[in-house]
Structure formats: C-alpha cells, structure tokens
A.B. asks: 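Got a structure for you, written out below as structure tokens; questions coming shortly.
These numbers come from a predicted model, not from an experiment. In the text below, chain A, chain B and the rest are named by the order of the sequence lines, each starting its count at 1.
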Amino acid sequence: MPSGDYDPETVEAKWQDRWVEANRYAYNGDAADPDTAFSIDSPPPTVSGSLHWGHVYGFTLQDFVARFNRMRGEDVYFPFGYDDNGIASERLAEDELGVRHQEYGRREFQEMTREVCDRYEAEFTEKMQRLGISIDWEQTYQTISPEVTRVSQLSFVDLYDQGREYRQRAPAIWCPECETAISQVETEDDEQPSHFHDIAFSIAGREETFTISTTRPELLPACVAVFVHPDDDENQYLVGERAEVPLFGQDVPIIEDDRVDMETGSGIVMCCTFGDQTDIEWYQAHDLDLRIAIDESGTLTEVAGEYEELSADEAGEAIVEDLDETGALLDRWEITHTVNVHERCGTGVEFLVKEQWYVELLDKTDEYLAAGREMDWYPDKMFTRYRNWIEGLQWDWAISRQRSSGIPFPVWYCDACDEVVVADKADLPVDPLVDDPPVGTCPECGHDEFVPEDDVFDTWATSSLTPLINAGWDWDEGAEEFTFENPELYQFDLRPQGHDIISFWLFHTVVKCYEHTGEVPFDSVMINGMVLDENREKMSKSKGNVVDPDEVVSEFPVDAARYWAAGSAVGDDLPYSEKGLRAGEKLLQKLWNASKLVESLTAEAPAPDAVDHHDLTELDRWLLASLDREIERLTGWFESREFSKARDELRGFFWHTFCDDYLEIAKQRIRAGGDGDAAADSAAYTLQLAHRRFLKLFSPTLAHVTEELWHDMHGEESVHTSGWPDPLGIDADFAAGETAMAVVGALRKYKSEDQLPMNEPLDRVDVWGDISGFEADISGVMHVEELNALRTRPEVESVVTGVDLDYSLVGPEFGSQVPDIEAGIEAGEYEVVDGVLHAAGAELNADMFEIEKERQYTGDGEMIESDDAVVIVHREA
RNA sequence: GGGCUCGUGGUCUAGUGGUAAUGACGCUUCCCUUACAAGGAAGAGGUCGGCGGUUCGAACCCGCCCGAGCCCA
C-alpha cells in the first residue's frame with residue numbers, strides 16, 4: 001500500500017533490478033507470426049566512450065514504443081548491440097592506454113582493444129539498465145564477435161557473388177596518421193591556419209610567366225595540369241599552351257574548366273594528383289597523367305626528386321625556400337581555410353591511388369530511393385534527407401580499411417596472376433592471415449602460392465547488417481540458400497535513430513539488407529533530434545556545456561528524465577532542461593499522492609464483477625466515458641509516435657479532470673455515504689477502475705512509479721504486461737457532465753474570490769443549465785445546502801457590446817467587402833431585421849454573426865456566468 | 001557555399017488560411033480545503049525571429065534576411 005512520500009531512489013533501483021533478474025522483457029519467440037512480434041533494430045552504440053544524452057534520449061523514445069507495443073500484446077524483440085569493431089574502438093584503446101597501435105602486433109593490439117571495450121560495454125549495460133530501458137538482456141551482440149564476423153563475411157561473399165563488389169585502383173581518401181583509406185563520410189571539415197603562395201610558372205617555349213596560387217607547394221611535383229576558367233578573359237590566352245612547373249620542370253597542359261574558382265588568388269590553379277576532390281574530377285575528365293608524390297605515410301616519393309623521404313610539411317617548407325631562391329615565389333601570406341580531416345584523429349586527409357574494395361551503389365540509386373520510400377517515416381519530413389543524400393551520391397562505397405582491428409576480408413590473391421579467391425561460405429568466419437584459402441591452386445593459372453588480403457572491413461560494412469544479425473541470417477549449406485533463425489522478426493517493425501546518421505548508417509543498412517533479402521529491412525523508421533544544452537546549443541567538450549546523464553539521474557528520478565524525453569515532437573532537437581525534469585518529478589508526486597487517496601477510498605469497493613455499469617451514477621459514467629475518449633486519443637498518439645501530445649494530454653486529463661474535478665467529488669461522496677450506500681459504492685468502484693487504467697496509460701512513459709503502484713495496489717505481476725486498456729463503451733451525457741464541472745468551477749471561483757474556504761457552506765444555489773443527474777455531486781463537493789435547477793433563464797438586462805462575425809462564412813461570401821462591413825458595424829451603422837444583419841449594403845444571415853451582450857442580473861443573489869450555465873448564489877449576509 | 005530542419009509570453013511547448021494564440025515551468029495575489037503548499041483558485045506576461053509579398057483574412061502559404069541544429073561541399 002502506498003504511503004508517505006514517493007521515494008524514487010529506492011523504488012526505481014528495486015524495479016530495475018527485478019526486471020533484469022526476472023527477464024521481464026525477454027522475447028518469447030513462440031509466436032512465429034510476424035503480426036504478433038514487434039521487432040526493434042537499434043543502431044548499436046559505438047564503443048568509443050561513455051553514455052551521453054543522445055543515448056538516453058534515443059533509447060528512451062524507443063522504450064516508449066517497446067512498452068506501448070508490449071502492452072498491446074505484442075511479443076516485443078528489443079535487443080542491444082555494442083559496435084566495437086571499428087576505428088573508434090581502436091582509438092578508445094589508444095587513448096585509454098596511452099599507446100599507438102603501430103607499436104604492437106595485430107593480435108596483441110586487438111586483445112588490448114577487446115579488454116578496454118569490455119570495460120566500457122559492461123558500463124554501458126549497467127547504465128542502460130539504470131535507465132529502465134526494457135531491453136531483452138539475453139539478446140545482445142558485439143559487432144566484433146565470431147558470429148557477427150560470419151554474418152559480415154557472408155554479406156561480402158554474397159555481394160561478390162552477385163557482382164556488386166569490385167576491386168579497383170582508384171583515388172581513395174587516405175588518412176596518413178591512421179594509415180588507412182577512409183570513406184567520404186568519415187571526413188569532416190576543420191578550420192586550420194595555412195599559407196597562400198603565389199608562384200610563377202613559365203609558359204613552355206617562351207620567356208613569359210603567369211601566376212598560380214596554392215596552399216600546397218609540396219604538391220608541385222605532382223602537378224599534371226593548369227586550369228583557367230572559361231569566363232576568365234584576362235587569362236584566356238594561356239588556354240591551349242603548355243606550362244613548365246618550377247623546380248621540377250614537368251611540362252603540363254593548360255586547360256579551361258568551369259570548376260576553377262576565379263575568386264581565389266590569381267584565378268589560375270594547378271591540378272595535382274591528388275590534392276583534393278576537384279583534382280580527381282579533373283584527372284578523370286581530362287585524362288591527365290598520374291604523378292604520385294606523397295605516399296601512405298605522408299612522405300614524398302621519388303617523383304619529388306631531391307625532396308624524396310621528406311614529410312609533406314618538411315617538403316612544403318623546403319620547396320618554398322627553393323622557390324624563393326630562384327625567384328619563383330612571388331608572394332606568401334597567412335590564411336585560415338577549411339581542410340578535409342579524418343573525423344577520428346583530425347589529420348588532414350590525402351588522396352592516394354590504391355587497390356580498394358567497393359560496393360557498387362551508383363547504378364541502383366533509383367531502387368534504393370524507392371526502398372526508402374516504402375518505409376513509414378516518423379516524422380515524415382525526414383525522408384527528404386534520405387532522398388537528398390541518394391540524389392547527391394558521387395562515389396561507390398569504399399569498404400576496405402587498413403587497420404589492426406576489424407573484420408578481415410575473406411579473400412586471398414594468387415601470387416602469380418592476382419586472381420581473387422574468396423572463402424567458401426561454409427568456412428566462415430575466416431582470417432586469411434591465419435587460415436588457408438579454399439583451393440590448393442589458383443583456378444585461373446594453377447599457381448599454388450596465395451597472398452592473403454590483410455585489409456579489414458569498414459565498420460559500416462558490418463553495422464549495416466544489424467537487422468540480419470538480429471534475425472539470425474545465415475547460409476544453409478544443405479539447402480544452398482540464406483535462411484533466418486527468426487524469420488518473423490524480419491522486416492523489423494521499428495528502426496529508431498538520430499537524424500545525423502540517415503545518410504550513411506540507415507542508407508547503408510537499407511542497401512545491404514535489400515540486396516541480401518530483396519526486402520526493405522524496416523517497416524518504419526523513427527528519427528529523433530539531437531539533445532542540446534539548456535541554451536539550445538550543441539553540447540561539446542570544448543564549449544564546456546556537456547551535462548553528464550549520470551549526475552542528472554542521481555539527482556532526479558529516471559521517470560522524470562523519461563517525462564522530459566517525451567517533451568517535444570520526435571525529430572525536433574530537444575534542449576536539456578532541468579525545469580522539464582522538475583515538472584516530471586511533480587507529476588510523479590501527484591500520481592503517488594492521488595493513488596494514496598484512491599487506495600484509502602477504495603478499501604470497501606465492491607468486487608468488479610458485482611457491478612453493472614448501467615447502475616453507476618451519472619458522474620461516474622461520465623468519468624469513465626471521458627476516460628474512454630482519452631484512451632482512443634492516446635492510442636493514436638502512441639501509434640504515430642507523438643509522445644509529447646500523449647504525455648501532455650494524459651497529464652492534463654489526470655491532473656485536472658480526474659484529480660481536481662472527479663476525485664474531490666468522489667471523496668466527498670464516499671465519506672458522506674455509509675455502509676452499503678449505493679452512490680458511495682459506485683464511486684469506489686469507479687475510482688478503482690479508473691486508477692487501474694491510468695496506471696496502464698502512464699506505464700510506457702512513467703515506467704517505474706506505475707510499476708510500484710500497480711504492485712502495491714492491484715497486486716498483479718507487472719503493469720507492463722497487464723494489457724493496454726480498450727474503451728469500455730460506456731454511454732454518458734457529456735454535455736451535462738461538462739456543464740456540471742463548469743458549475744463546480746464557477747462556485748470554486750466564487751468562494752476563492754470572496755476569500756471563503758472551499759468547505760464553507762452555501763445556503764442556496766440556483767442553476768440554469770443542463771446538470772441533471774449531477775445535482776447531488778455538485779451540492780456535496782461545494783457544500784450547497786439547497787440546489788435548485790431553474791426552468792427558465794434568469795431575467796437579465798442586456799447591453800449590446802458588439803457583433804461577432806464568423807469569418808469562415810463571411811470571408812468566402814463577401815470577400816473584399818469584409819472591411820466595409822466591419823467598418824459599418826464599428827460605426828454602429830447596421831441593423832438586425834428578422835435575424836438578418838444589414839451593414840454596408842450587405843445582408844448577413846443568422847449563422848454568420850452573433851450579437852455580443854453584456855448581462856446584468858438584477859434579482860436576488862449573485863450571478864456567476866460560465867460557458868453553458870448561469871449560476872446564482874444566495875448567501876445569508 | 002548547398003540541402004534539410006527548427007525559431008511562438010522570461011524558459012520549454014501545442015497550434016499548417018478564419019480573427020480575443022495551447023499547455024507546462026517560473027512570477028504575482030489569495031486559500032492549511034486531514035492525498036498532495038512539490039497543492040488549490042485567480043491573475044500579470046506574447047510586434048508568433050526580422051522585412052516584404054499572396055489573400056477579404058497569415059503564427060500557418062511564397063520570397064529575402066537573421067539565429068540555431070544536422071548532413072554535405
């Protein structure tokens with residue numbers, strides 16, 4: 001039985017422990033029917049640090065959906081993954097241990113990374129459980145595990161068999177610090193200080209020179225062309241000539257191209273293989289030479305002549321000095337500009353020509369767009385981002401990485417002819433560095449020596465398989481086909497994630513799963529916004545505005561944080577807000593206190609099956625019928641993931657209609673009635689029933705307090721599996737109920753304004769308005785000695801104060817005449833004849849306007865007017 | 001630089017063409033009413049980011065600008 005103040009600290013921890021111990025949220029799995037299984041595929045958090053607000057927010061929203069669907073009888077599959085196979089986890093290990101991966105052997109460093117990740121993963125588990133997220137803790141996976149490795153390698157083999165993967169020497173984005181190729185999406189922009197250089201190039205075969213501007217003089221040895229903009233009249237004479245590169249002497253063409261930025265420097269630029277993306281485009285478009293001057297580690301190659309072996313920075317300085325000496329350096333000044341850096345280490349990226357594996361995307365973008373369109377998007381508007389991303393795609397997807405840790409390519413190459421040998425599906429997972437290829441001799445040339453591929457997959461190549469991992473996708477050797485261990489889970493009902501990862505994570509997942517199964521992996525995606533600080537700005541360590549969820553959860557109830565998380569439209573960014581948490585805390589208290597009162601009033605409540613709903617009092621039926629309407633609305637909001645509407649609506653109904661209006665009356669009635677009093681029994685029954693239903697309705701959001709109250713008061717196992725309430729289908733006179741509540745409100749206001757205590761008796765109250773069946777309840781709660789229903793409206797003196805137009809009718813009918821009509825009314829130049837208003841030459845019929853009157857009551861007592869009723873209070877002086 | 005999104009009383013939020021703009025937090029005044037003073041009643045507080053346009057009528061539609069967020073260059 002609830003007593004005293006609510007103690008969330010004890011209560012929440014208790015239920016979190018019990019839920020985990022009892023496997024409360026375990027997926028049953030016996031329903032093999034996809035219609036009764038509700039499956040969720042969350043992107044597994046990258047193991048690169050601790051839990052942050054983004055996790056708390058995202059998982060809390062998912063939990064609302066999970067709990068709601070569990071209440072509706074679905075067998076909810078809510079697994080949890082740890083994404084620990086990528087560069088991010090290696091970085092974590094390096095930072096945590098203060099080491100660099102190059103200092104260790106591959107195996108050794110992998111083990112070090114595993115140890116660090118294990119610690120972080122245990123912490124993650126603990127914290128997720130402390131948030132009360134209803135995850136099935138028997139369904140967890142790590143993306144580095146052998147099982148997932150098998151799935152990931154199967155995916156590679158399948159796509160290779162389908163001809164959707166290819167290996168090519170092509171310009172790749174390269175991080176010289178991490179010494180790996182990275183994808184376009186792993187780079188970001190950074191403002192960095194640099195220098196601009198004006199360098200004199202000579203026109204081949206002439207004495208004449210011209211000026212190019214560059215920030216990267218170390219790339220002079222890689223220069224393969226010079227470009228001029230077609231609109232650049234001043235320099236047009238150069239086009240078609242050839243230029244001689246200073247110091248290095250190569251002879252390169254001068255070409256026109258509209259990708260030249262005329263505003264920067266001299267407007268003439270050199271093209272090097274490769275300095276940036278545009279260089280690559282030019283290289284491909286104009287079939288230029290390839291001169292690789294910088295290698296994998298950022299060191300100059302033999303192409304750079306005497307500068308070979310220098311680092312790019314050193315070479316840059318040396319070249320500038322030498323240019324200066326020969327007089328070719330015309331100018332040099334400091335600038336800051338944006339450079340492309342690797343998001344994990346902040347090092348400026350290079351472009352190298354390497355053998356890399358690619359997944360082909362560009363040929364099927366239309367299909368992938370259609371696949372995205374098949375999913376339900378919450379909110380709808382986020383589909384635009386998916387579409388824009390696909391429409392802007394320029395590159396196929398580079399999936400090879402040169403790292404210590406990660407999932408290896410199941411591939412060997414013939415040492416003689418370079419033929420690709422792929423592992424047999426039955427043998428997966430394999431590590432080509434350890435395992436032998438599936439053939440003894442090359443099927444192409446018969447050679448018997450093989451070179452293992454030592455690259456590993458891009459982390460997204462695996463992260464994009466989570467629906468397949470979760471549904472137990474595997475190759476059946478006997479049947480020679482791919483199968484699912486739990487086919488009922490696929491397609492997944494819900495994909496929850498942030499809007500920041502639509503373009504790569506979601507997109508890649510759709511692509512991969514679609515190619516493997518021919519089906520779109522998700523029925524619906526729910527896109528959440530970012531958590532900002534209290535001033536609506538991004539939380540970042542450098543700004544120092546990061547709020548640690550741990551500290552907040554130790555200070556506030558988890559349910560309060562859940563209340564906050566339901567506080568804005570899904571997809572919009574949500575500012576962290578202590579006020580929001582406090583509001584949540586207050587609601588918990590209110591729910592607790594109201595429950596205590598309900599408990600004390602319902603000790604003598606009749607058994608549920610002893611009551612016929614037709615026998616309940618008018619007010620009780622009104623409350624239950626109103627709750628019916630509430631349930632229907634709430635169900636709709638949950639289905640459309642409009643949690644903030646559900647939250648605010650339920651809170652308002654509970655607090656005001658139930659607590660302020662109904663509960664006060666029921667309390668009065670039960671305490672006034674004796675044993676066997678029918679009206680008291682009716683109230684007790686209604687209170688108990690309504691209270692059960694409120695707990696169910698609150699349970700997806702306020703998961704802990706509802707569980708505690710349910711356990712205490714209704715004694716059954718768990719509110720979270722107690723079933724979502726269906727409307728009872730009770731009839732009630734809503735109009736009379738609302739009028740009755742308005743009368744109570746009017747009397748409360750009267751007492752308040754006259755500074756009377758609420759339990760001050762009133763001698764006599766006359767009411768004009770429909771309150772039939774509610775008289776006794778009104779009298780009881782407002783302590784009215786004599787309540788009279790008037791048959792006629794009380795006599796009042798009316799003064800016309802204005803005319804209220806219904807613009808939705810007047811506007812379309814009279815259009816531009818409206819201002820004239822308004823002016824006429826304003827000036828008093830109008831008259832009403834037979835219900836028709838004449839003004840400014842127009843005739844408005846009765847439903848287009850209403851005459852506003854101010855009423856004055858001249859009879860005995862004091863008149864209070866409310867929406868649907870007139871109330872007159874008589875009191876002895 | 002481009003795309004998408006958001007911008008509503010001090011703070012957060014509802015509201016996508018019909019005219020006194022929703023609710024919460026905070027604030028002011030009053031009330032100990034035996035569930036709750038972390039409560040109840042009443043009240044103050046808004047040029048709906050800015051400017052222009054469309055319309056009889058705009059928070060809502062269009063254009064430009066400003067600020068914030070995400071993604072991309």
A.B. asks: Report the residues that fulfil ring pair (Phe, Tyr, Trp, His ring centres under 6.0 Å) with A:Trp53, sequence neighbours left out, ordered by chain and then residue number.
C.D. replies: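 In terms of ring pair (Phe, Tyr, Trp, His ring centres under 6.0 Å), with neighbours along the sequence ignored, A:Trp53 is linked to A:Trp564, A:Tyr576.
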A.B. asks: Rounded to the nearest angstrom, tell me the gap between atom CE in A:Met530 and atom P in B:A68.
C.D. replies: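 Atom CE in A:Met530 sits about 18 Å away from atom P in B:A68.
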A.B. asks: What does B:C64 pair with, Watson-Crick or G-U, if both distances are under 3.5 Å?
C.D. replies: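 Here B:C64 is engaged in a pair, and the nucleotide opposite it is B:G50.
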A.B. asks: Would A:Glu639 and A:Tyr378 satisfy side chain to side chain donor-acceptor pair (under 3.5 Å), going step by step from the backbone distance to the final call?
C.D. replies: CA-CA 10 Å; A:Glu639 282 173 342; A:Tyr378 300 102; over 6 Å; no
A.B. asks: At under 4.0 Å between heavy atoms, which parts of nucleotides 35-45 of chain B does protein reach? Answer with one letter per nucleotide, 5' to 3': B base, S sugar-phosphate only, - none.
C.D. replies: BB-BSSBS---
A.B. asks: Are A:Lys645 and B:U13 close enough that a side-chain N or O sits under 4.0 Å from OP1 or OP2?
C.D. replies: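 Checking A:Lys645 against B:U13: no side-chain N or O falls below 4.0 Å of OP1 or OP2.
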A.B. asks: Give me the distance, rounded to whole Å, that separates B:C56 from B:G2 when you measure between the P atoms they each carry.
C.D. replies: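 Looking at atom P only, B:C56 and B:G2 are 35 Å apart.
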A.B. asks: Do the ring planes of A:Trp710 and A:His714 sit parallel (below 30°), tilted (30 to 60°) or perpendicular (above 60°)?
C.D. replies: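 A:Trp710 vs A:His714 ring planes: tilted.
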A.B. asks: Which residues pass the side chain to side chain contact (heavy atoms under 4.5 Å, CB included) test with A:Val553, sequence neighbours left out?
C.D. replies: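 Per chain and number, A:Val553 pairs via side chain to side chain contact (heavy atoms under 4.5 Å, CB included) with A:Leu131, A:Val558.
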A.B. asks: Check the distance between B:C70's P and A:Met539's CE and give it to me in whole angstrom.
C.D. replies: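 Distance check: A:Met539 CE to B:C70 P gives 12 Å.
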A.B. asks: Could you check how far CG of A:Asp573 sits from C1' of B:C12, rounded to whole Å?
C.D. replies: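 Computing the A:Asp573:CG to B:C12:C1' distance gives 14 Å.
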A.B. asks: Could you tell me how far B:G67 sits from B:C30 if I compare only their C1' atoms? Round to whole Å.
C.D. replies: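 Pairwise C1' distance, B:C30 against B:G67, rounds to 42 Å.
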A.B. asks: For B:U19, give the paired nucleotide (Watson-Crick: N1-N3 plus N6-O4 or O6-N4; G-U: N1-O2 and O6-N3; both under 3.5 Å), or none.
C.D. replies: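 By the stated definition (distances under 3.5 Å), nothing pairs with B:U19.
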A.B. asks: Tell which nucleotide pairs with B:G1, taking only Watson-Crick or G-U wobble pairs whose two distances are both under 3.5 angstrom.
C.D. replies: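 Checking every strand shown, B:G1 finds its partner in B:C72, with both distances under 3.5 Å.
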A.B. asks: Just how far, in rounded Å, is P of B:G26 from NZ of A:Lys579?
C.D. replies: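 Between P of B:G26 and NZ of A:Lys579: 9 Å.
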A.B. asks: Please report, rounded to the nearest Å, how far the P atom of B:U19 is from the CD atom of A:Glu822.
C.D. replies: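 Rounded to the whole Å, the gap is 12 Å.
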A.B. asks: Which nucleotide in the list B:C4, B:C72, B:A24 gets nearest to the side chain of A:Asn388?
C.D. replies: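 My answer, after comparing the listed nucleotides, is B:C4.
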A.B. asks: Should A:Arg582 and A:Glu585 count as an ion pair when the cut-off is N to O under 4.0 Å?
C.D. replies: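 Here A:Arg582 does not pair with A:Glu585 in a salt bridge, since their nearest N and O are not under 4.0 Å apart.
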A.B. asks: Rounding to an integer number of Å, can you tell me how far A:Trp389 CH2 sits from B:C70 C1'?
C.D. replies: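 It works out to 13 Å between those atoms.
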A.B. asks: In whole Å, what is the span from the CG atom of A:Leu805 to the C1' atom of B:A20?
C.D. replies: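 Computing the A:Leu805:CG to B:A20:C1' distance gives 13 Å.
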A.B. asks: For atom P, what is the distance between B:C61 and B:U16, given to the nearest Å?
C.D. replies: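 Those two atoms are separated by 10 Å.
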A.B. asks: Give one of base, sugar-phosphate or nothing for A:Ser816, where a contact means two heavy atoms less than 4.0 Å apart.
C.D. replies: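 Sugar-phosphate contact only - A:Ser816 comes under 4.0 Å of backbone atoms but never of a base.
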A.B. asks: Identify the heavy atoms of A:Met741 and A:Asp661 that sit nearest to each other, and give their distance.
C.D. replies: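 So the two residues come closest at SD-CB, 3.6 Å.
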A.B. asks: For A:Lys381 and A:Leu574, find the nucleotide of RNA chain B closest to each by heavy atoms; which residue's nucleotide sits nearer the 5' end?
C.D. replies: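 Counting from the 5' end, the first nearest nucleotide belongs to A:Lys381.
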A.B. asks: Does B:U11 have a Watson-Crick or wobble mate here (both distances under 3.5 Å), and if so which one?
C.D. replies: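 For B:U11, the partner nucleotide comes out as B:A24, under the 3.5 Å rule.
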A.B. asks: Roughly how far apart, to the nearest Å, are B:G10 and B:G53 at atom C1'?
C.D. replies: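 Roughly 33 Å separates the two C1' atoms.
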A.B. asks: B:C65 and B:G3: how far apart are their P atoms, nearest whole angstrom?
C.D. replies: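 After rounding to an integer number of Å, I get 10 Å for this pair.
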A.B. asks: Taking the same atom, P, in B:A41 and in B:C32, what whole-Å distance lies between them?
C.D. replies: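 That atom pair is separated by 15 Å.
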A.B. asks: Testing A:Phe274, A:Phe227, A:Phe351 one by one against A:Tyr283 for a ring pair (Phe, Tyr, Trp, His ring centres under 6.0 Å), which residue passes?
C.D. replies: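 It is A:Phe274, the one option of A:Phe274, A:Phe227, A:Phe351 that forms the ring pair (Phe, Tyr, Trp, His ring centres under 6.0 Å) with A:Tyr283.
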A.B. asks: Mind checking the C1' distance from B:A14 to B:G46? Whole angstroms is fine.
C.D. replies: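 One C1' to the other, the span is 15 Å.
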A.B. asks: Using a 4.0 Å heavy-atom cut-off across all strands, classify A:Gly815 as base, sugar-phosphate, or nothing.
C.D. replies: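 Base contact.
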A.B. asks: Provide the Watson-Crick or G-U wobble partner of B:C36, both distances under 3.5 Å; none if there is no partner.
C.D. replies: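 Answer to the pairing question: none, since B:C36 forms no Watson-Crick or G-U pair.
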A.B. asks: Mind checking if A:Gly392 touches a base, just sugar-phosphate, or nothing, with heavy atoms under 4.0 Å?
C.D. replies: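 It contacts nothing in the nucleic acid.
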A.B. asks: Rounded to the nearest Å, what distance is computed from the CD atom of residue A:Glu534 to the C1' atom of nucleotide B:C25?
C.D. replies: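 Taking CD of A:Glu534 and C1' of B:C25, I get 12 Å after rounding.
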A.B. asks: Both A:Ala583 and A:Pro819 contact RNA chain B. Which one's nearest nucleotide lies toward the 5' end?
C.D. replies: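 That would be A:Ala583.
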A.B. asks: For nucleotides B:A58 and B:C66, find the distance between their P atoms and express it as a whole number of Å.
C.D. replies: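 These two P atoms come out 26 Å apart once rounded.
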A.B. asks: Please determine if A:Lys751 and A:Glu760 form a salt bridge, counting it only when a charged side-chain N lies under 4.0 Å from a carboxylate O.
C.D. replies: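 No, no charged N to carboxylate O under 4.0 Å.
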A.B. asks: For the residue pair A:Phe658 and A:Phe694, does the interplanar ring angle fall in the parallel (under 30°), tilted (30 to 60°) or perpendicular (over 60°) class?
C.D. replies: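 A:Phe658 and A:Phe694: tilted rings.
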A.B. asks: With a non-hydrogen cut-off below 4.0 angstrom, is A:Arg651 in contact with a base, only sugar-phosphate, or nothing?
C.D. replies: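 It contacts sugar-phosphate atoms only.
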A.B. asks: Out of B:C71, B:G69, B:A24, which nucleotide sits closest to the side chain of A:Ser503?
C.D. replies: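 Of the options given, the side chain of A:Ser503 lies nearest B:C71.
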